[in-house]
Amino acid sequence: MKERWDLNRRAVRLLCHLDRKYFLCTLFSSLTTAIAPYIPIYFSAKIIDALTAGAGGKTLALYAALTVGLAALVGLAGALLKMHADVGEAELDRLVDWKHAEKAMDLPYALIEDRKTALLRERIEMETQTGYNVYYYAVTAGGLVRYAVQIAAAVLLTFSLFRPGLLSAGAKLALLAGIVLTAVVSVLTGRRYGRLRSEFFAGCVDDNIRGEKLYDYTSNDSSGKDIRLYGMRAALLQKERDFNENFCRRERTMNFGVAWMGLLSNFVTYALQFGVYLLLIAAALRGGLSVGSIARYVSSIMLLLAGVSGLARTIRISVTNEEYMKRYLDYFDIPNPMYQGSLSVEKRDDDRYEVEFRDVSFRYPNTEAYALRHVSMKFRIGEKLAVVGRNGSGKTTFIKLLCRLYDSTEGEILLKHIEPAMNLIRQGENQLLETNTLNGGQLRIGASDTICRYYLLHYLKEFHRLYPGVHIKVTNQTSIACAKLLESGQVDFAITNYPNSGLSSSHHVRVIREFHDVFVANEEYSDLRGKTAKA
């Protein structure tokens, strides 16, 4: 139930986001459609009762003016809202098409070429053209408003029929039983009606996909050459005849089923209408009802039954459409795993930027065979490079990787002087994730094994005691390797021996302790005691 609620809420939010004006105009247009028939019903009953009672011309003129004026006002408002809704529907068509285009532009190249994604996109586009997903939600939302208001207004106008003394207890029970029975029959026939239409239109999606491909092929001038060359004319004509016959057969089956359901529902409805007339006429003959009330009650009860049937049918359509809407949203929820945005690059006066492939291997999605294996190379921006090889050797794949249409399956593709920026990005992402649980992020330190063991360990224990929420990560490398880690942004600071050839003038260097190297030897080298080593 929660999943269904979330799905419907997302659908409504999507409609409002695409075209809020169209959605609201559809709802209010449905509201005026529901109210409109009750104005003449109510005031016509008033006019009939006034005529029967011998009321004056002013009273009759007032009722007539209210009937015509309110009906005209509601009708005019409904027409204006319908006009804006029709204009909004055309605008919605354009916005939905553009949403598909935006998603296609947002998808990574790997998913655009993926057959499964392409079939999903093709299916939801055809389902949209058939009227499912977004459009059905607009229709069903309007239907729910219309039939709910119609039922509420009918109940309001017929409620007085059950006041004490107007009808006998048996007549009231019979009337209620007839209304319930007719409503149940209407709901059941409406459910069957909705199932027949849903099955037909669900098949229309597949028919439209196949029919469009068949039509596109046979209507293409270049296809005519192949058709004549390979003698496919008779086979294609037979295919088209079979397609049309199958479509017409399914449509006939649906129409016959709908007709039978309508016939059964109408029979029960008219039987109830006849019974209502008999009960009301009997009550009128006893003096309990006016002539105008008979017309009002009968019309209201018929609209009540029509509202119940319409509401059941609309709910059925809405439930059927949930499957299509879920598929629609699943497509637009497909994530783009590739990095979005630009990378900061060091500005160099010599423009000496290099692209490096580090042990790059790649295989296309949903395949096991590698298109490239263990490719390592460097080339400088501005140089001319010819990529040559036999068919299938991976030339096109290499260019696609270079243009970032795909990410490598294994290895790294780096632009020199971007690697530090990439590490800063990863560092920021990790800190954002760890802040939620560690309440302090991460401190990355580079140090040699000796310094870590005999110098750094004491300070690490003290730091952890003062700041237990900060996660400390120590990387043990040689002093020169630690400098390279600092250069590439993989550590926050490094504690190394100094001088260090890996450090440049751009680094901030702070001397924290000075020491002298000591030569330790056994008795075999006792003759070196007191001597000084020369560099």
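All of these numbers come straight from a predicted model, not from anything done at the bench. We're numbering straight along the sequence, starting at 1.
Here Asp6 does not pair with Arg10 in a salt bridge; the nearest charged N to carboxylate O distance is not below 4.0 Å. A salt bridge links Arg94 with Glu91: at least one charged nitrogen is closer than 4.0 Å to a carboxylate oxygen.
When side chains are defined from C-beta on, Phe28 does not count as touching His84, because their heavy atoms never get closer than 4.5 Å. Taking 4.5 Å as the limit, every side-chain heavy atom of Tyr38 sits out of range of all side-chain heavy atoms of Val149. A heavy-atom distance below 4.5 Å is found between the side chains of Lys21 and Cys25. With contacts defined as side-chain heavy-atom distances shorter than 4.5 Å, the pair Tyr217/Ile227 qualifies. Side-chain contact between Met377 and Leu385: present, with at least one pair of heavy atoms (C-beta onward) separated by less than 4.5 Å. Here the side chains of Leu15 and Leu92 are in contact, with some heavy-atom distance below 4.5 Å. Two residues are said to be in side-chain contact when any heavy atoms from C-beta on lie closer than 4.5 Å; Lys99 and Leu95 fail this criterion.
Under a 3.5 Å cut-off, the side chain of Thr367 and the backbone N or O of Arg363 do not form any donor-acceptor pair. Although no hydrogens or angles enter the test, the distance criterion places a donor-acceptor pair under 3.5 Å between the side chain of Thr182 and the main chain of Gly178. At distances below 3.5 Å, at least one donor-acceptor pair connects side-chain atoms of Lys395 with backbone N or O atoms of Gly389. With hydrogens and angles ignored, the 3.5 Å screen pairs a side-chain donor or acceptor of Arg444 with a backbone N or O of Gln490. Side-chain atoms of Ser318 do not come within 3.5 Å of backbone N or O of Thr314 as any donor-acceptor pair. Side-chain atoms of Glu410 never come within 3.5 Å of backbone atoms of Asp359 as a donor-acceptor pair (strictly under, hydrogens ignored). Without hydrogens or angle criteria, Asp106 side chain to Glu102 main chain gives no donor-acceptor distance under 3.5 Å.
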Item to complete: Report the C-alpha separation of Leu14 and Met325 in whole Å, then their side-chain angles, then the decisive distance to 0.1 Å, and conclude whether the side chain to side chain contact (heavy atoms under 4.5 Å, CB included) test is met.
Response: CA-CA 11 Å; Leu14 175 62; Met325 195 67 208; 3.8 Å; yes
Worksheet item: Step by step, would you call Val74 with Ile39 a side chain to side chain contact (heavy atoms under 4.5 Å, CB included)?
Response: CA-CA 9 Å; Val74 172; Ile39 296 174; 3.5 Å; yes
Worksheet item: Are Leu157 and Leu303 close enough, and set up right, to give a side chain to side chain contact (heavy atoms under 4.5 Å, CB included), and what steps lead you there?
Response: CA-CA 11 Å; Leu157 288 181; Leu303 286 173; over 6 Å; no
Worksheet entry | Worked check of side chain to side chain donor-acceptor pair (under 3.5 Å) between Thr397 and Tyr364 | CA-CA 9 Å; Thr397 303; Tyr364 285 96; 2.6 Å; yes
Discussion item. What verdict does the side chain to side chain contact (heavy atoms under 4.5 Å, CB included) test give for Val12 and Asn8, after you've listed the backbone C-alpha separation in whole Å, the side-chain angles of each residue and the deciding distance to 0.1 Å?
Written reply: CA-CA 6 Å; Val12 172; Asn8 285 277; 5.5 Å; no
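Taking both residues in full, the closest heavy atoms of Ala154 and Leu304 are given as CB-CB, 3.6 Å, listed atom of the first, atom of the second, then distance. In terms of heavy atoms, Leu485 sits closest to Thr475 at CD1-CG2, 3.7 Å. Minimum interatomic distance between Gly394 and Leu372 (heavy atoms only, all atoms of both residues): O-CD2, 3.8 Å. Closest heavy-atom contact between Ile334 and Leu107: CG2-CD2, 3.9 Å. Of all non-hydrogen atoms in Arg4 and Val319, the two that sit nearest each other are NH2-CG1, 4.2 Å. Of all the heavy atoms in Ser29 and Thr33, the pair that sits closest is O-OG1, 2.9 Å.
A donor atom on one side chain and an acceptor atom on the other are not found under 3.5 Å apart for Arg252 and Asn255.
Here Tyr137 and Phe23 keep their ring centres 6.0 angstrom or further from each other. The aromatic ring centres of Tyr328 and Phe332 sit less than 6.0 Å apart.
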